[in-house]
*Asks:* 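The structure follows.
Basis for what follows: all heavy atoms, side chains included, without hydrogens, waters or symmetry-related copies. As the structure is a prediction and not an experimental result, all values here were calculated from the model. To find a chain, count down the sequence lines: A is the first, B the second, and so on, and within it residues start at 1.
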Amino acid sequence: MRYSQFMLPTLKEDPAEAEVISHKLMYRAGMIRKLAAGIYSYLPLGLRVIQKVERIIREEMNRAGAQEVLLPCIQPAELWMETQRWEEYGKDLLRMKDRHDRDCCFGPTHEEVITDIARREIRSYRQMPLNLYQIQTKFRDEIRPRFGLMRGREFIMKDAYSFDADEAGLEKSYQEMYKAYRRIFTRCGFTFKVVEAETGLIGGTASHEFMVLAQTGEETIVSCQSCDYAANIQKAEAKRTRPRAKGPGKTPNPLKKVETPDMKTVADVTKFLKVRPRDLVKTLIFETDQGVAAALIRGDREINQTKLGTHLGCEDVKLASDDVVLGATGASKGFAGPVGLSVKIIADYSIEPMVDFVTGANEQDAHYINVNLGRDVKVDQFADLQMVREGDLCPRCGKSLSFFRGIEVGHIFKLGTKYSKALKATYLDENGREREIVMGCYGIGVGRTAAAAIEQYHDEDGIIWPMPIAPFQAIVVPVNNKIAALMKTAEGIYRLLSSNGVEVLLDDRDSTPGVKFKDADLIGIPLRLTIGEKNLKKGLVEIRRRKNGETTLIEKDKVTETVSALIHEEMEASLQG
RNA sequence: CGGGGAGUAGCGCAGUCUGGUAGCGCGCUUGCUUCGGGAGCAAGAGGUCGGGAGUUCAAAUCUCCUCUCCCCGACCA
């Protein structure tokens, strides 16, 4: 490709709208342009990267035995009503009507459609395992799209769905995808972690996320320092402190109400009463789609709302408004407590061992001290509700947990029979019995993967593409277009490399070398061949590696083999992870 | 949907408080000179000041309404 004919509108300055590095650099490198909030066009350079990522995905999916399909983006409401998701999905689901006033939506994911295919086509256990995937545009009407391709409303996703006769089959398919995903992200050149995750709206029984490590990541990853436990913060557990057996020889003191004028926060109350935050039990009132509930947790800890929601089996869990708190407890926020409370009470395991603790008294400006479980408080259920903190102990091995930031580029789920049950996708087993198909689903954000690569690989001059997903492998830069010999050599090298299968860009623009160098750095081409007058007189050409700035001079007629060797080397290097 | 900020030339911004000729840098066009890290000089092109209504002799500037975008919070590739 010749630069002069390639649409590559680079920018010197960061666009005002961009906040994170990948968004800024994608814009500046002429890869994307915005049409509306969270909706982007891919310009030629951006599309090349997308296609590189897609190619790796296709190769690995095919290798794993999956077959590519392409499903419709517009889907009828009826199908979504069958799975209840027409109601459940909420506003992220972009709905519309066609000319006959029929309800439709733009697919945010394709479980319904693929399961519809499965229920029509799969009749026998002999037809499984089956894994179908597609690479397609999705639309999710996010409340707050941001960070360019990192969280768009319209985005390209690879989604795959596995169909098996039983759990054992699903386990196998899941493992196969797990391995394929590892290969995909390894081949893209990422440093990443696989973490246990929540299943969210997709539903199902187990799930893992593939996280590219980057400071700007939106996700917090909890990872054990010594074993391989890793989980999303929302899912992460810590080793539990067991309740002390039959009390530690301390007899509980009598319950007592104390005045705490205007002491609304844990900090206020504990300071006032001269106790530690961990000696207090926080009572948080939540509104859920199954009514109001109270959650108890130690004063120095935070509730993980996702865990609470999962435990309660609710889609929607939010901290109650002032009115609701007043209605449930009889006092304003800050004075809620479990003693005599009539709503459902769920307690985090952290309070199990506590004796003589402090709580709100459900009365304005008053707290109880010497509160004790059993005697004063009736807990409906104990559960793990806490947000894990850095330094907590690993639930598996008991060593310390650390935190990382990550970008979620892939997510795999064991769906089980959630969709096959709802949509009646069944088959006959070897005994002629009708059974539900066991499903898994597996997603990769393609655009986000490209963005994540930039977050992970860039410097102050621009993008540093890992070779496997670079839009071009090499760029040829003649330093001065007016010197015929330089241009001729550059042209010759360009043709030679092209005909040898190297993806090469020839910067044939009539601009100063500084401009060409800056742009080459910005768009992040791994190898730069500089054709300068002085070197050329000695029959030499300069090769510069974007990733480390290393430059070497090589004989003009050894360009092809050197470039090929370097490309090979960098491709191999990315496979090492 | 709350809370904060912004819409002025392709991009980045000033001008708005205190109404009166629409400006700067980059980019773009032409010419000459330059050419190994975003060149110099000269001459140009380019704007319904997001949109609508109002106040006024006069509105980018004041008032009201609206649209859009960005940032901070609720699980999502």
*Asks:* Can A/R301 and A/D392 be counted as an ion pair, charged N to O under 4.0 angstrom?
*Replies:* yes
*Asks:* Write down the distance separating the P atoms in B/G73 and B/U18, rounded off to the nearest Å.
*Replies:* 36 Å
*Asks:* The side chain of A/F147 is closest to which nucleotide in this list: B/A74, B/C72, B/C35?
*Replies:* B/C72
*Asks:* Could you check whether A/R95 makes a cation-pi contact with A/W86, meaning its NZ or CZ is under 6.0 Å from the centre of the six-membered ring and within 45° of the ring axis?
*Replies:* yes
*Asks:* Kindly point out which of B/G36, B/A77, B/A39 is positioned nearest to the side chain of A/V515?
*Replies:* B/A39
*Asks:* Are a donor atom and an acceptor atom from the side chains of A/T551 and A/E542 found within less than 3.5 Å of each other?
*Replies:* no
*Asks:* Between B/G73, B/C35, B/G37, which one does the side chain of A/R146 approach most closely?
*Replies:* B/G73
*Asks:* Measure from NZ or CZ of A/K193 to the centre of the six-membered ring of A/F404, then state whether that distance is under 6.0 Å and the direction lies within 45° of the axis.
*Replies:* yes
*Asks:* For the residue pair A/N232 and A/E219, confirm or rule out a side-chain donor-acceptor distance under 3.5 Å.
*Replies:* yes
*Asks:* What contact category does A/T449 fall into here, base, sugar-phosphate, or nothing, at under 4.0 angstrom with non-hydrogen atoms?
*Replies:* nothing
*Asks:* Determine the interatomic distance between C1' on B/C17 and the same-named atom on B/G25; round to the nearest Å.
*Replies:* 25 Å
*Asks:* With the side chain of A/D521 defined as its heavy atoms from C-beta on, choose the nearest nucleotide among B/A77, B/U34, B/G37.
*Replies:* B/G37
*Asks:* For the side chain of A/E142, counting heavy atoms from C-beta on, which of B/G38, B/C35, B/A77 is nearest?
*Replies:* B/A77
*Asks:* Judged by modelled atom types alone, do A/Y161 and A/D159 share a side-chain donor-acceptor pair under 3.5 Å?
*Replies:* yes
*Asks:* Which part of the nucleic acid does A/G532 contact within heavy-atom distance under 4.0 Å: base, sugar-phosphate only, or nothing?
*Replies:* base
*Asks:* Which nucleotide wins on minimum distance to the side chain of A/R140, given the candidates B/C35, B/G37, B/A77?
*Replies:* B/A77
*Asks:* As a test of reading the structure: which of B/C70, B/G37, B/A77 is closest to the side chain of A/F517, going by heavy atoms?
*Replies:* B/G37
*Asks:* Is it the case that the side chains of A/N131 and A/S162 hold a donor-acceptor pair, with the cut-off being a distance below 3.5 Å and no angle test?
*Replies:* no
*Asks:* With the side chain of A/N535 defined as its heavy atoms from C-beta on, choose the nearest nucleotide among B/C76, B/G36, B/A39.
*Replies:* B/G36
*Asks:* Could you list the protein-to-nucleotides 2-11 of chain B atom pairs, N/O on both sides, closer than 3.5 Å?
*Replies:*
none

*Asks:* Would you mind classifying the nucleic acid contact of A/R528 as base, sugar-phosphate or nothing, using non-hydrogen atoms under 4.0 angstrom?
*Replies:* base
*Asks:* Examine A/R182 relative to A/F210 and say whether NZ or CZ is less than 6.0 Å from the centre of the six-membered ring and inside a 45° cone about the ring axis.
*Replies:* no
*Asks:* Which part of the nucleic acid does A/G148 contact within heavy-atom distance under 4.0 Å: base, sugar-phosphate only, or nothing?
*Replies:* nothing
*Asks:* Indicate, with a heavy-atom threshold strictly under 4.0 Å, whether A/G445 touches base, sugar-phosphate, or nothing.
*Replies:* base
*Asks:* Between B/A39 and A/T512, is there an OP1 or OP2 to side-chain N/O distance shorter than 4.0 Å?
*Replies:* yes
*Asks:* Which whole number of Å gives the distance between the C1' atom of B/A45 and that of B/A60?
*Replies:* 23 Å
*Asks:* Which residues in residues 31-48 of chain A have at least one heavy atom lying under 4.0 Å from any atom of RNA chain B?
*Replies:* A/K34, A/A36, A/A37
*Asks:* With a 4.0 Å cut-off on heavy atoms, is A/Q305 in touch with a base, just the backbone sugar-phosphate, or nothing at all?
*Replies:* nothing
*Asks:* Which part of the nucleic acid, if any, lies within contact of A/D519, taking any heavy atom under 4.0 Å across all strands shown: a base, the sugar-phosphate backbone alone, or nothing?
*Replies:* base
*Asks:* Side chain of A/V479 only, please: which of B/G38, B/G36, B/C76 is the nearest?
*Replies:* B/G36
*Asks:* Collect all protein-nucleotide pairs involving nucleotides 27-29 of chain B in which both atoms are nitrogen or oxygen and the distance is under 3.5 Å.
*Replies:*
from: B/G27; atom 1: OP1; to: A/K12; atom 2: NZ; distance (Å): 3.4

*Asks:* Quiz question: by atom type and distance under 3.5 Å, do the side chains of A/T109 and A/E111 form a donor-acceptor pair?
*Replies:* yes
*Asks:* Distance check needed: B/A77 P versus A/M157 CE, whole Å only.
*Replies:* 6 Å
*Asks:* Within 45° of the ring axis of A/Y174 and under 6.0 Å from its six-membered ring centre, is that where the NZ or CZ of A/K414 lies?
*Replies:* yes
*Asks:* Do A/Y40 and A/R153 pair up side chain to side chain, a donor and an acceptor below 3.5 Å, judged on atom types alone?
*Replies:* no
*Asks:* In whole angstrom, give the distance that lies between atom CE of A/M150 and atom P of B/C71.
*Replies:* 12 Å
